[in-house]
Amino acid sequence: MRTPFVVGNWKLHKTIAESLALVTELKNALGALKGVQVGVAPTFVSINPVAKRLEDSAIATCAQDCHWETHGPWTGEVSPELLADAGVSWIIVGHSERRQFLGDSNEVVGKKVPAVLAKNIGAIVCCGEMLADRDGGRMLEVVDAQLGAALANVDAAAASKLVIAYEPVWAIGTGRTATPAQAQEVHKHIRSRLAGKLGQAAADSIRIQYGGSVKPANAEALISEPDIDGFLVGGASLEAADFIAIVKAARPS
Ligand code: 13P
């Protein structure tokens, strides 16, 4: 019922030339693939060249972040509107690296999400607990607080433009993936929270991606869980062969 959605978050990697080389490979390998939606999130400087290269392809160009205002005295910032103009159709909001190191509090994320949706751009809203939260049994509380703030001003009409990415911080870039059962437990909880906030029909339609050390070797087991609807892939999205294998694993059989 939900088309799986796999996005490569390239973080701070790849020159324009390297970005173009990678998307050209992805386009050739995945351009005709059915049953799964694919996106890549390059750095801001590579977005427009990548979007142009992907113009005649179903692969979406995504951004890794944005500001909440459309324009104004915000040195260094980029707005959803400018990203759409550059060719972006989805924006990642509230990634844990931004939350931990770059000032994206729950409040900031709560301003960015409606700003993205207001421009008719898709929002990939990230949440996930730190290791201490999991060890302390607080993971669901943390995720609830993050999503509560992120979705405070979002209603069910936005469901088709909303994706949630559950990324436990202890699994990001560590090689330590959540087990399928650990991820499923949180994904199921998130879907029940979405149902409470947006209604069951909206909750059933919203894709919930898993992120955190997703690799070709673990993608299939993760995607077979009922509430895992795709992936937000970091390290393994930088190599065409690995990313292609993950996308193919996410395709319904
Ligand atoms: P890794 O796949 O490198 O663990 O990164 C996950 C992530 O943060 C994607 O947004």
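Whatever order the structure lists them in is the order used to number ligands and atoms, beginning at 1.
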Charged N to carboxylate O below 4.0 Å: is that the case for [X] and [Y]?
| X | Y | value |
| --- | --- | --- |
| E97 | K11 | yes |
| D144 | R193 | yes |
| D229 | R2 | yes |
| D155 | K197 | no |
| D204 | R191 | no |

Nitrogen or oxygen atoms of I172 and ligand 1 under 3.5 Å apart: no
Min N/O separation G173 to ligand 1 under 3.5 Å: yes
Atom 3 (O) of ligand 1 - nearest protein heavy atom and its distance: G235 N, 2.8 Å
Protein contact of atom 2 (O) of ligand 1 - nearest heavy atom, named by residue and atom, plus distance: G234 N, 2.9 Å
N9 neighbourhood, listing ligand 1 atoms whose heavy-atom distance to it stays under 4.0 Å: 9 (C), 10 (O)
Enumerated ligand 1 atoms positioned under 4.0 Å from heavy atoms of G212: 4 (O), 6 (C)
Close approach of S213 to ligand 1, heavy atoms, under 4.0 angstrom: yes
Any A171 heavy atom less than 4.0 Å to ligand 1: yes
Partners passing ring pair (Phe, Tyr, Trp, His ring centres under 6.0 Å) against W10 (at least two apart in sequence or in another chain): none
Aromatic plane relationship, Y166 with H187 - under 30° parallel, 30 to 60° tilted, over 60° perpendicular: perpendicular
Shortest heavy-atom approach to atom 5 (O) of ligand 1 - which of K11, E167, Q64: K11
